[in-house]
Structure formats: C-alpha cells, structure tokens
Amino acid sequence: MDYNHRAIEQKWQKFWADNQTFKASNTSTKPKYYVLDMFPYPSGAGLHVGHPLGYIASDIFARYKRVKGFNVLHPMGYDSFGLPAEQYAIQTGQHPAITTAANISRYREQLDNIGLSFDWSREVRTSDPEYYRWTQWIFMQLFDAWYNKASDRAEPIRSLITHFETRGSSGVLAVSDEDTAAFTAAEWAGFSDAEKQRELLKYRLAYLRESTVNWCAALGTVLANDEVINGVSERGGYPVEQKKMMQWSMRITAYAERLLTGLETVDWPEPLVEMQRNWIGKSIGASVRFAVPSLAPDVAIEVFTTRVDTIYGVNCLVLAPEHDLVSQLTTAEQQAEVEAYIAHTGKKSERDRMADVKTVSGAFTGSYAEHPLTGKEIPIWIADYVLAGYGTGAVMAVPSGDQRDYLFSMHFGLSIIPISDAQQLDGQADPTKAGRYINSDIINGLTYHEAVDVLIKQLEATGAGEATINYRMRDAIFGRQRYWGEPVPVYFKDGFPQLIEASELPLVLPEIDKYLPTESGEPPLGRAGDWKYRGQFDYELSTMPGWAGSSWYWYRYMDAHNSNALVSPEAVNYWQAVDLYIGGSEHATGHLLYSRFWNKFLKDLGYVPEEEPFKKLINQGMIQGRSSFVYRVLDTEGRGTNTFVSYGLKEQYTTVPLHVDVNIVSNDVLDIEKFRQFRPDFANAEFILENGKYNCGHEVEKMSKSKYNVVNPDDIIEQYGADTLRMYEMFLGPLEQSKPWNTNGIEGVYKFLRKLWKLFHDAEGNFSVSHGEPDRAELKALHKIIKKVAEDIERFSFNTSVSSFMICVNELTDLKCNKAAILQELCIVLSPYAPHITEELWALLGNTPGTLSEAAYPEFNPDYLVESEFSYPISVNGKMRMNLSLPLSLETGEIEQAVLANPDVQRYLDGKPVRKVIVVKGRIVNVVV
RNA sequence: GCCUGGAUGGUGGAACUGGUAGACACGCAGGACUUAAAAUCCUGUUCCCGUUAAAGGAGUGCGGGUUCGAUUCCCGCUCCAGGUACCA
C-alpha cells in the first residue's frame, strides 16, 4: 500500500478524539508543563495559513514534552468578541452570536484537520456568558479596589473607606486621580452618599474618566484608529474629529513599576521586553509649576521635564491644544487664532500628530506665565506637537536643548538662549549634558549632576516643583461604544456608577433590533429599551474592549467548568502559570501588558499565586499576506467618493487606498462585479479603468480578515495531508521570522514522508521490516537525529529539524536500512512533527495502537558519533584553499607541522615566508604569509 | 516621526560561541524508465572568466571599521515588516 495520507490522518484524528488521548489531568505524579497558544479571534474567513504556524510549533513542543515524561496542559479556545463580527452584523442584520458560533465550528474543524493535540474538554469562548461572567466578576473586583502605595498592592476599597472613616484623607498613599479632596474623618462622615461615591471613584482601579476619541458624526459612533484612514472613516469616507467623552478606564499606571521590574523575571525575547519597557516609558525628571498671575494667584501650569537643568533656557510654555487651561488663557485678541488652531488640530489623529515632525504649527494664547526662578514673563503657546495624554499636557520649551522646541522657536521667531558652554547651535538644538552652564543664574559654572541637585532643592524650597518619576504609559480606556462585547456590570444611581450584585452575574448582552448607535448617538445597547437594572436604573451602555476576555483566559483553562470561581485554588496551585506561551509579536504591548496587569491584580487579591503569568514566551513570526488595494478617489474637500481608479492611473487623482479581498482579485486584476457585491456601499461604485481592466495595487503585510488577504490551509491538507502541512510550515524558516506565504517547496516535504513510508515497505508496498542488529552507520544516522531534534526543539529551531529528518531518511535509504530497532526509535523522534504517519507506522511495527504519545524519547548515546579524523579546511591569508584530513588526536603543534609539510599547502604558499599559523583544533587552519 | 525586528543563489532557507558561505528543499536543465504521461530514480545548478576540466576572480541589502579570519562584532545609511493605546 502506498502512503495514503487521507485514510491515515482521518483514522488517527478519530482515534485521538474517541480516546481523549490528550486530555490533561489536574493531578499527576509526572511533572506538569503548561503549553499555551494565543487563542484566535474566529474570523469569518476561517483559519488562515498564518494561524497554524504557532499552533504547530506549540503542538510539536507539547508532544515532545509528553514523550519526555511530562503531564502536559495544551488547551485551545476562542477570543470571540470583536469588531469584525459586529461589522458583519451591521451589514447583514445577523446576530453576531450566530455568525460567531458558525465561525467557531469552522475553526474547530480546521484545527482538528491539522492533528493538534489539544485538550478540547477545556475549551473556552470569551463571548460565552458562562465565561464572561468571570470577566465581569474581575471588573467588579477592579471597581471595588484601590492601589495602596504603602503596601504596594491593590486592596479592596473597604480598606480605603476604613482609612477615611478613621483618619480622613490624611496619610492615604494611593494611585488616584489628581483632584482628590483633603478631608478629616468627621468631614467624611458628614459626606452624602453621592459625595462619598464621587470621591471613591477617584481611587478605584476601574473608574470613569474623560478621554479623547475618534468621533464620526455621520456614523454616530467612535471609530478605532484602524477604521480611520487619512482623517476619514474607512466605511463611507465620512469626516472624523477628535472628541472628548466620559469613558471607563483601568488604572494600569498603578502597576507601572511592577510591570517594569517583572520583566526582569521572565524568559521572553529581549526585543519584546524592550518594547514593553519603552511602552511603559519610565522617565525620571521633575515637575515644575509656572504661575500665571493674570488668571488667579493659585493657578499654575504644571510641566514635566526630564531636563530640569535646562530651565534657564525656557523661552515659552507650550500646551497641548486640548489642555484644560487653554480657554482661560486665551486673550480676546488671540481668541480667533486659537480657536481656528484648535479646530485645525481636532481633525488630526494623535498618530498623525506624532508622525508629522516637519510641519511646525501653533498659536499664541496672549497670556504669560512667570518663570519660577527668574520671575521673567514667559509667553504661553499651544501647539499640536505637545500631546495631551503624555505628562501634564504641557512642556517648557527649551529651544537650545530640544530639537522640536528649536524648530518651534525658529518658526515663530522666539529667542533662543544657549545654556551650556559645550552647546553647539549651528542650525539645530544640542541636547548635550556636557560642559558647564551659562546664562543660568544659580547653576552657572556647574556640571549636569550638580545642577540638577541644586535646582530640585531650590524648586522644592519655593514650592514650585519637585523630583518626579513619569511614565509614558497611560491608563487604559476600557469602554467601547459597541454591541459585541461584555456588558459592564454597572448601573447608574444618582449619576454615580454602582455594581450589580455578584449573584446577578452574568449580566447577559440584551437583544437589540439593529447593531447601530441610537439616533441620539448612544451606543447600540441604548436600543434595548426595557433593559434596566431592577426595572428602574440605567445600565452602562458601553461594552468592554477586545482585550478584556483575553486578559485572564489562561486561568480558565485550568478549571474550565467551575461555576463557583474563575479557577479553583487546587487547579491554580497545580498549574501555577503558563510555562511556554507562543504567539505573535504584534501583541507585545497590547495583550501581553494588559494580561500581566490583570494577573498582578488577581495576585494582589489572593486569587492566583504567581506575579507573572507567562514564564517563557516565544514569538512566532507572522505568515504575511499579499494584500490587494483599490484606490478611492477623493473630492476637492478631501471626502471619499464612490469612484475608484486603477493602480496605474492613481497618480492623476487624490486617492485613499482601500483593502480589497484577495479572493476577488486574480493576477492583480479586480473582478468588478464581485467587488460591487463585496460591501453594500460599493454597489454603485464606478471605476476608472486601464485597458478595460481595474488593476489593484499590492503590499506584503500581515494576514488578517481586516486586510482581506487571507489564505486558508484546507486545500493544502486535502492535497498533501496534515503531516505535510505541519512539516512544511516549520520548514519555511525560523519560527520567529515573518515571511509571506507561498507553497513553492511543499513537494519536497511530501516526498520526504513518502520516502519515510518506503523505508518500512518493500517495492510492492507491503509492510516489511527486518530484525537484525543495526550496524554502526545506521546507529550513527539514528543518534545524530536523536541529538539534533532534542536540541532543536529546546531552542525552538523547528526548521532545522525538518532538514535533519530529510538527511536522516536519505541516509537510511542509501543504507537500505529497514531494521525495526532503528525505525521504531525514528518514529518516536519524528512523532511530534508528523504524528499521524508515525502513529500508523508505530502500530504497524506491532506496538499497541495509539501508545506513541506515551513512548519514551530515545536516549542519546554519543559513542556512535565519535570521529577519529577531521578534514581540516586550510586557509591561506583567510582564504579557503584546500582540505586536509588529519587525525583528531593531533595537538595544535603537530597539526601545524603536518600542514606546513604538505606539498599541496606549499604550492599555495608560493615560496613566501610563513608569518604565523593559526590552528583551531577540530575546526580550521589559517596560514598567514 | 518614535519603538522593535528583518535583508544570504531564480525561490524558501542553512551556517548554533568570529572559523570551509549556500546544508536541506523548491525550481530549472540534462538523462534513465515509459507507446506517452504521471510517479520514481540519476547528474548538474551562486555569479563572472574559462572549450569540458583545471586554475583564477567576485560574492551574504549599501558604505566604512575591528580581526590571522566577519553572514556573525562595531559605526553610518537604504528598503521592507510589526507596534504606536477603539483590529485582535
């Protein structure tokens, strides 16, 4: 019988499912090992060839750990709340729960086809009420908690109330809003309920805060940055502006320091750790307050600076246009200009503002602040290079030391004051800390470190400032004006948020008639008319963001069916934390930071034992897609039209590129009819063609539903089988490297599996192995692979294992080896990579069917690999000239003699005197002449 | 813009700690088997020069540097990708 992948793979997949081969136990005498994949969002396009890359790698690792004797937990589930399902619901009217369930079945089928060794009895879905009741429960704990800096951990809000009751606000060391009130215990007792709630909300870890969002008036909703392209909505091309809105937020900044120090304890790729460090962005500097006497005696503009030493170089203050004080500071004469400027910036997204460093813009408010040290008048400006969300939303501009300040001052003709004798200001700022200060009053002549000390002391003495640590990271916005997410378990009473009772969880998502905002601009949940808490109080209408459900899911797998707790103490104490986590680096600062935050919070409250949830982490690179684009023509006011221009003619128009499904594009030519059906708003699309055809542009970028560039694995499995797909995805290259998808080399892997099959079969295709003693060459081939594969798997170098398997099978084929003793061991070594074919061969060899995953990985014996000779490459002046075979027993001096005595070597030396001979035993000889 | 990666034959990639660049595959070319095709097998395949061969020269995105020796380390660029806080 020939290698029949379809029959073999179906047979074993059924066997594994029927026998629950990979079901993990929460108790075992074996050591535990938890291998986790980042769970997928089940998109309508199905699993694409990028997903399995990580799943196959983790599966190989999990199967390897099993044959190495571990009790392995290897679960899978679905991050099933999300924007695409909602978008689809808006288009089709179908409930997202229905499409999501259908997508999940499809994913499951596709995952099963790959032969992954998941314990499906522990599956989770974030959109399942039995799951999200615990997401809501965690939210309630966060709402009911504050961060006590004295104990350096989160505590139940009760401990804060007790403090207020006994000592008032004095002595409270908390991470909180800035505007907390000072009061005595007696005053607290006299507060009304509403006043108490207002004050407590300033401390809660889940709290309400005003934040800036992308508001699209035409769609009546907030858009993700993703959905805004060049300042207009992707859907419909409507204008988008920045708007402030009350939003739920998470006080992740309370954990900034622990998130930072925890990075030193995890085994993660260094670049990823670096990205998180940069995201947290700790900087040590100073807060400085600039009084504004024209407003009121106690009003000051607070700035954060990492270079307080440059304070004498300040020539103006620059505020973000959104800064709270801007309207008060603006004088009558400047009002028109300031308002025009604010309107202008309101159209730009924060990212555009950061990206554009070339255009300098700003407006003078007409007011002046007082320099805290010199008392000089400092003009106050606004400019969009200052971001409201970072620091205090205001900077002291020091043009001689900061390039952005320099450009700003040059542009508006403001004076530039040199502050150090080492500064070189030839057309640019010089941020040097070298030299001694000049033009700087009390720090003249001092060095950097001396100056900082003197200044901090002086500022503290006058109450104008102090040393401060600032983090770039901001509190995370936790509300979404969407339907398809977890309802926030909160209702409003007297305008203040209150938690529902824990016993009332889950708060189930109500049914609504359509998935759009209400006419008055409220989120879709506003459509659920009679949806009231206890029939009378309004529920919170926003839902939780995509990252809520994924910030704790690894715990649910430990105890997936527990209806009394998110995870039982027994289960969490057994599995502790994830030993190996595999997923894409695109989650570096989102998911991985939020998960660490929630983990630390749950630990503070005693629900989980570990400070860090993911001990070791490996990034799989992305399998990239090749996206196709159409080009929407913009009208003279920059609004999107419904006309699309072919790639070659797009330079003649102002256009916005839009992704188009690669499946309706062939050789970069768009199928216009299918495009019109693609989205309702394209039904009447018009086209400017080239030679009667619409040519699309293309780009290599990540494969994702939103980019419409998804290729799925089913066809490959049908044609070549799952074992081939598994090995091919690994063979493509290093796991962590990104690469665009192509199937060019897949034949080679398929041929390899057939060659392997042939080792066990005679020319007629009958199973045929022999039982003689293996010879030295056969043992060498086997032990090379035993060693190589173990080493490769432990360092996650799966691609090199595949090559080595090919070499091994080629060698055994050349040796005409069909000895059971060799082939049986090879089966075990190969089983993590190609589990179906090896299970079949394992059974054919006479082993109990299905026991391969319990077999023990063979012991490596180095004796079989010992060599007595080595073919030394001989270089002359670093250039490889010839090989010379010498016994490995020779010492360096003997090798040198042998090499110089060799007539061929002499020929290369060409009679020139030898200056030096470098001998690296067992490696190389280099003769320098 | 900022943060983080990446770039090696026609293609995917290998070279693990600075030590033979191109393993293993794909593709391509030639050949065997076949009426033919598929499948399988064999040979060749970095580029340039060279009649085959030998011999030689160049070569790991670009420009420099360190070293007996650099794909690997250092400095400066280019291009591509991911992230940039409401995609997940």
Side-chain angles (χ1 to χ4, degrees), chain A residues 2 38-41 43 79 81-84 87 211 213-214 221-228 247 269-272 274-275 277-279 281 350-358 385 389 404 473-482 545-547 550 584-591 593-594 619 621-622 624 699-702 704-707 728 731-734 736-740 742-749 751-752 754 758 791-792 795 797 799-800 802-807 810 871-875 877-883 915-918 920 923-928:
Chain A
D2 274 350
M38 289 184 188
F39 62 168
Y41 172 76
S43 85
D79 191 10
F81 274 131
L83 222 42
Q87 205 48 55
S211 332
V213 296
N214 299 312
T221 190
V222 174
L223 296 176
N225 285 331
D226 232 48
E227 301 172 294
V228 183
Q247 300 247 56
E270 195 47 43
L272 198 150
E274 192 62 22
M275 273 191 267
R277 273 197 202 111
N278 292 334
W279 182 270
E350 190 170 272
R351 197 182 303 175
D352 289 341
R353 282 166 62 171
M354 282 191 287
D356 186 5
V357 293
K358 297 205 175 74
Y385 77 93
R404 288 166 311 176
M473 181 171 68
R474 316 198 281 256
D475 278 347
I477 297 171
F478 196 71
R480 300 291 182 265
Q481 324 305 309
R482 304 287 178 173
W547 55 269
S550 59
S585 65
E586 69 272 26
H587 299 288
T589 49
H591 164 62
L593 210 51
Y594 297 133
N619 283 135
M622 246 162 305
Q624 289 158 333
E699 238 167 80
V700 169
E701 53 186 0
K702 75 173 179 174
S704 96
K705 170 93 198 277
S706 67
K707 300 191 190 308
Y728 181 60
F731 190 56
L732 270 179
E736 66 281 4
Q737 214 168 81
S738 294
K739 48 239 157 188
N742 76 81
T743 48
N744 290 344
I746 199 162
E747 285 286 343
V749 173
K751 277 186 205 165
F752 156 76
R754 283 191 305 192
K758 282 185 184 171
E791 283 172 359
D792 282 353
R795 65 189 172 102
S797 174
N799 56 323
T800 49
V802 179
S803 300
S804 302
F805 280 124
M806 289 173 172
I807 293 168
N810 288 346
S871 176
Y872 280 92
I874 312 298
S875 301
N877 286 343
K879 208 169 213 25
M880 215 289 275
R881 290 300 181 179
M882 56 177 285
N883 280 295
R915 292 210 349 239
K916 196 169 169 188
V917 181
I918 287 139
V920 184
R923 281 243 183 233
I924 199 171
V925 178
N926 189 13
V927 183
V928 186

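Below, all heavy atoms of this structure are taken into account, side chains as well, without hydrogens, waters or symmetry copies. Chain identifiers are assigned alphabetically (A, B, ...) following the order of the sequence lines, protein sequences preceding nucleic acid strands; residue numbering begins at 1 within each chain.
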Take the protein atom [atom1] of [X] and the nucleotide atom [atom2] of [N], then report the distance between them rounded to whole Å.
X        : N     : atom1 : atom2 : answer
A/Leu83  : B/C86 : CG    : C1'   : 8 Å
A/Glu747 : B/A25 : CD    : C1'   : 11 Å
A/Gln87  : B/A88 : CD    : C1'   : 15 Å
A/Glu736 : B/G82 : CD    : P     : 18 Å
A/Arg482 : B/C87 : CZ    : P     : 9 Å
A/Lys751 : B/G27 : NZ    : P     : 6 Å
A/Asn877 : B/G19 : CG    : C1'   : 15 Å
A/His587 : B/U84 : NE2   : P     : 11 Å

Hey, are the side chains of [X] and [Y] touching, using non-hydrogen atoms and a 4.5 Å cut-off?
X        : Y        : answer
A/Arg404 : A/Tyr385 : yes
A/Lys751 : A/Met806 : no
A/Met473 : A/Leu593 : yes

Among [options], the nucleotide that comes nearest once only the side chain of [X] is considered:
X        : options             : answer
A/Arg474 : B/C86, B/A85, B/U4  : B/A85
A/Ile807 : B/G82, B/U40, B/C24 : B/C24
A/Arg881 : B/C86, B/G56, B/U20 : B/G56
A/Met275 : B/G69, B/C87, B/C3  : B/C3
A/Gln481 : B/A85, B/C86, B/A23 : B/C86
A/Pro84  : B/A25, B/A21, B/C87 : B/C87
A/Ile924 : B/C24, B/C86, B/G19 : B/G19

Please report the distance separating the [atom1] of [N] from the corresponding atom of [M], rounded so that it comes out in whole Å.
N     : M     : atom1 : result
B/U60 : B/U11 : P     : 15 Å
B/U71 : B/U51 : C1'   : 35 Å
B/C79 : B/C73 : C1'   : 23 Å
B/G10 : B/C2  : P     : 34 Å
B/A58 : B/G50 : C1'   : 15 Å
B/C86 : B/C75 : P     : 35 Å
B/A70 : B/A21 : P     : 10 Å
B/G22 : B/C47 : P     : 14 Å

Base-pairing assignment for [N] (Watson-Crick or G-U wobble, both under 3.5 Å):
N     : result
B/U51 : none
B/C24 : B/G12
B/U35 : none
B/U84 : B/G1
B/A7  : B/U78
B/A29 : B/U43

Parallel, tilted or perpendicular: which one describes the rings of A/Phe731 and A/Tyr728, with boundaries at 30° and 60°? tilted

Going by the angle between their ring planes, with limits at 30° and 60°, are A/Phe752 and A/Phe805 parallel, tilted or perpendicular? tilted

If you assign A/Phe731 and A/Trp547 each to the RNA chain B nucleotide with the nearest heavy atom, which residue ends up on the more 5' nucleotide?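 Final value for this comparison: A/Phe731.
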
Quick check: on RNA chain B, is the nucleotide nearest A/Asn883 upstream (toward 5') of the one nearest A/Val213, or the reverse? Name the residue that is more 5'.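 Its nearest nucleotide lies further toward 5', so the answer is A/Asn883.
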
With a 4.0 Å cutoff (strictly under), does any side-chain N or O of [X] reach OP1 or OP2 of [N]?
X        : N     : value
A/Arg277 : B/U4  : no
A/Lys879 : B/G59 : no
A/Asn799 : B/A14 : yes
A/Asn225 : B/A85 : yes
A/Arg480 : B/C86 : yes
A/Asn810 : B/A25 : yes

Contact class for [X] (heavy atom, under 4.0 Å): base, sugar-phosphate, or nothing?
X        : result
A/Glu586 : base
A/Val802 : nothing
A/Met38  : nothing
A/Trp279 : base
A/Thr800 : sugar-phosphate
A/Gln737 : sugar-phosphate
A/Thr589 : sugar-phosphate
A/Gly590 : nothing
A/Ile918 : base
A/Val928 : sugar-phosphate
A/Pro545 : nothing
A/Asn926 : base
A/Arg923 : sugar-phosphate
A/Phe752 : nothing

Between A/Asn214 and A/Leu223, is there a donor-acceptor pair closer than 3.5 Å when you use the side chain of the first and the backbone of the second?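 Pair found, side chain donor or acceptor close to backbone of A/Leu223.
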
Polar pair under 3.5 Å, donor/acceptor by atom type, side chain A/Asn278, base B/C3: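 Side chain to base: no pair present.
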
Which atom pair, heavy atoms only, marks the closest approach of [X] to [Y]?
X        : Y        : answer
A/Leu272 : A/Ala588 : CG-CB, 4.0 Å
A/Arg482 : A/Val222 : NH2-O, 3.0 Å
A/Val928 : A/Asn877 : CA-OD1, 3.4 Å

If the glycosidic angle is within 90 degrees of 0 it's syn, otherwise anti, so just tell me which one B/G9 is.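 In terms of base orientation relative to the sugar, B/G9 is syn.
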
Measuring from atom CZ of A/Arg754 to atom CD of A/Glu747, what distance do you get when rounded to the nearest 0.5 angstrom? 7.0 Å

